[in-house]
S.K.: 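Here you go, one structure.
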Number of protein chains: 2
Amino acid sequence: MGTTQLDTVPEPKYWHLKTVLAEALDSEFAVGEILPNERELAARFGVARATLRQALEQLELEGRLQRRRGVGTTVAPPRMGVDVSSSETAWPGTGPESWQPTECTAAAPPAAVARLLEIGPDAQTHVVRRVRTSHGQSLAAELLHVPAASVPGLTGIDAPSGPALARTVLRELARLPLDGQDRSVELGSAGAVDAKELDRLPGAPVLVVTTRYFSGGRTAAVSLATYRADTCRLTFGAHGGLEIRHEEEQRRVS
Amino acid sequence: MGTTQLDTVPEPKYWHLKTVLAEALDSEFAVGEILPNERELAARFGVARATLRQALEQLELEGRLQRRRGVGTTVAPPRMGVDVSSSETAWPGTGPESWQPTECTAAAPPAAVARLLEIGPDAQTHVVRRVRTSHGQSLAAELLHVPAASVPGLTGIDAPSGPALARTVLRELARLPLDGQDRSVELGSAGAVDAKELDRLPGAPVLVVTTRYFSGGRTAAVSLATYRADTCRLTFGAHGGLEIRHEEEQRRVS
DNA sequence: TAGTGGTCTAGACCACGGA
DNA sequence: CCGTGGTCTAGACCACTAC
């Protein structure tokens with residue numbers, strides 16, 4: 001028979017729905033435009049709201065949509081390219097970066113960090129909190145763990161607090177010779193505090209960038225930076241092509 | 001009053017559930033062990049299955065669990081560190097890599113790729129499919145887009161097909177002088193074909209690594225590699241510390 | 001065939017943002 | 001206050017795996 005057999009692999013509804021919506025997004029909506037609410041979209045497509053939401057969830061994961069409680073679902077702009085390699089072989093806080101220190105506390109590091117720092121789980125460390133912003137939007141939240149042993153110049157001083165202390169720690173750190181660094185990227189979900197800092201709900205997907213800074217044959221500091229996975233594309237450019245350019249806004253299928 | 005007021009921010013059930021499960025995973029389960037099935041877990045915690053699944057979903061996203069239909073939910077091993085920078089300034093297919101070419105077709109590139117290649121959307125390109133495996137497990141699926149203009153040596157030859165053609169294209173590509181390359185990482189979801197190649201369901205979260213290869217002032221090739229986000233941690237090591245080491249298997253909270 | 005996770009439904013109530 | 005997305009329920013059936 002001439003009928004091309006389909007349905008041998010029945011496509012899930014939410015998957016088909018996602019495809020349809022993605023095409024509509026390309027052809028019928030402008031960036032920033034708000035979609036009809038979920039109840040109406042579900043009715044329009046003849047599915048339950050939960051099913052519709054499964055499709056929206058995927059599109060949000062891919063950075064095509066942005067959903068905000070109490071507001072609505074909007075068409076997201078293309079992801080921002082965020083350079084993560086510019087500070088190649090450079091201490092954090094040096095250079096014209098977009099990081100803003102917000103806090104500094106003293107604490108014992110979590111087990112995973114202690115392992116990376118190659119220190120005991122009860123060693124004192126300074127924890128510097130920083131936020132990276134661009135165009136007024138929070139891109140990433142960072143916890144920089146600096147063992148007290150790495151910045152001996154701070155032992156006597158305990159005067160400043162908050163951002164001031166953070167800057168002092170960064171300054172002391174920058175006095176060490178930097179031998180090199182290590183980076184890794186993996187998927188994670190935002191904890192409660194990071195989520196608030198990134199203006200997202202807890203559990204939002206994030207790209208976790210782990211950086212180890214080496215000095216004098218030791219690991220002098222470890223940074224855990226969580227980037228909003230919905231809005232960021234991390235670039236490791238040596239050729240300035242995929243950089244922070246905001247690129248074309250609107251595309252249409254030919 | 002001495003009562004520390006909680007409940008000012010009522011925690012969602014699935015969030016609390018996720019925390020409880022994560023702790024149980026650390027303290028009561030070994031890697032590879034299978035958990036009770038979803039219906040029983042839901043009953044045991046007194047929640048609906050959908051709610052339990054929301055918690056499991058998050059834990060899977062974080063690489064702590066692995067769920068397989070018809071089998072069950074198992075405790076996942078720590079993520080594999082996968083080096084993505086070793087081929088720094090090197091053509092793909094050269095060196096002792098773990099990539100395996102599987103196919104090669106001729107096609108016009110999708111719009112997004114055409115833009116990166118700086119060619120028209122209807123230019124002919126070779127599309128090489130490769131799979132990266134480690135320890136018998138599929139880690140990543142790649143589509144390498146090579147404009148026909150980049151490998152003029154192939155115009156006369158059209159004899160081999162499949163993997164053989166793929167290797168020929170890679171060989172021809174390697175003859176060009178490589179000026180540099182560009183890399184970016186972002187979150188995506190696996191398409192139907194990639195999902196099958198990665199042994200995951202469509203829509204599974206992946207880390208998309210986009211690489212541009214430059215030669216003679218032009219973009220000679222573009223690679224789109226999708227890494228399993230649940231099992232991979234991408235490393236950009238200059239110091240061989242976070243490399244493919246499988247690391248400690250089992251941890252316990254002190 | 002039995003048991004697993006994956007999909008889907010039709011409701012309900014809650015938390016948040018803006019008017 | 002109303003409308004939005006976020007959470008949750010108690011079911012049902014389907015697709016896959018292994019025995």
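Keep in mind that this is a model prediction, so the values were computed, not measured. We use all heavy atoms of the structure for the numbers below, so side chains are in, but hydrogens, waters and symmetry mates are not.
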S.K.: Specify the separation, in whole Å, of atom CD of B:Glu11 and atom P of D:dC8.
M.R.: 10 Å
S.K.: Between side-chain atoms of residues 44-53 of chain B and protein atoms elsewhere (two or more places apart, or another chain), which donor-acceptor pairs fall under 3.5 Å?
M.R.:
from	atom 1	to	atom 2	distance (Å)
B:Arg44	NH2	B:Glu40	OE2	2.6
B:Arg49	NH1	B:Glu38	OE1	2.6
B:Arg53	NH1	B:Glu38	OE1	3.2
B:Arg53	NH1	B:Glu38	OE2	3.0

S.K.: Is there a donor on the side chain of B:Arg39 or the base of C:dG5 sitting less than 3.5 Å from an acceptor on the other?
M.R.: yes
S.K.: Looking only at atom types and distance, does a side-chain atom of A:Ser98 sit under 3.5 Å from a main-chain N or O of A:Arg132, one as donor and one as acceptor?
M.R.: no
S.K.: Do B:Arg79 and B:Thr231 have side chains that get closer than 4.5 Å, going by heavy atoms?
M.R.: no
S.K.: A:Arg69 has a side chain; which of D:dT4, D:dC8, C:dG5 sits nearest to it?
M.R.: D:dT4
S.K.: Is any side-chain nitrogen or oxygen of B:Arg67 closer than 4.0 Å to OP1 or OP2 of C:dT4?
M.R.: no
S.K.: Can you measure B:Lys18 atom NZ to D:dC8 atom P for me and round it to whole angstrom units?
M.R.: 13 Å
S.K.: Whether the B:Arg129 and B:Thr102 side chains hold a donor-acceptor pair (N or O, under 3.5 Å, no angle test) is what I'd like checked.
M.R.: no
S.K.: When you compare the side chain of A:Leu144 with that of A:Leu170, does any pair of heavy atoms fall below 4.5 Å?
M.R.: yes
S.K.: Rounded to the Å, how far apart are A:Trp15 CH2 and D:dA15 P?
M.R.: 17 Å
S.K.: Whole Å only: how far is the OH atom of B:Tyr14 from the P atom of D:dG6?
M.R.: 10 Å
S.K.: Looking at A:Asn37, I'd like to know whether one of its side-chain N or O atoms comes within less than 4.0 Å of OP1 or OP2 on D:dT4.
M.R.: yes
S.K.: Could you state the CG-P distance from B:Leu41 to C:dG6, rounded to the nearest angstrom?
M.R.: 13 Å
S.K.: Could you state the atom-to-atom distance from NZ of B:Lys13 to C1' of C:dA15 in whole Å?
M.R.: 16 Å
S.K.: Please determine, by modelled atom types, if B:Thr73 and B:Arg67 share a side-chain donor-acceptor pair under 3.5 angstrom.
M.R.: no
S.K.: Counting only non-hydrogen atoms, which of residues 194-207 of chain B are less than 4.0 Å from DNA chain C?
M.R.: B:Leu201
S.K.: Roughly, in whole Å, what's the span from CD in B:Glu38 to C1' in C:dG3?
M.R.: 12 Å
S.K.: Checking side-chain polar atoms at under 3.5 Å, does B:Ser189 have a donor or acceptor matched by the opposite partner on A:Glu62?
M.R.: yes
S.K.: Evaluate the ring planes of A:Phe236 and B:Phe236, with Trp represented by its six-membered ring, and classify them as parallel (under 30°), tilted (30 to 60°) or perpendicular (over 60°).
M.R.: parallel
S.K.: Is A:Asp230 close to A:Arg200 at the side-chain level, that is, under 4.5 Å between some pair of heavy atoms?
M.R.: yes
S.K.: Which residues, if any, of residues 47-59 of chain A bring a heavy atom under 4.0 Å of DNA chain D?
M.R.: A:Arg49, A:Arg53
S.K.: Please report the distance, rounded to the nearest Å, between CD1 in B:Ile34 and P in D:dA18.
M.R.: 12 Å
S.K.: Determine: side-chain N/O of B:Thr73 to OP1/OP2 of C:dT4, distance under 4.0 Å, yes or no.
M.R.: no
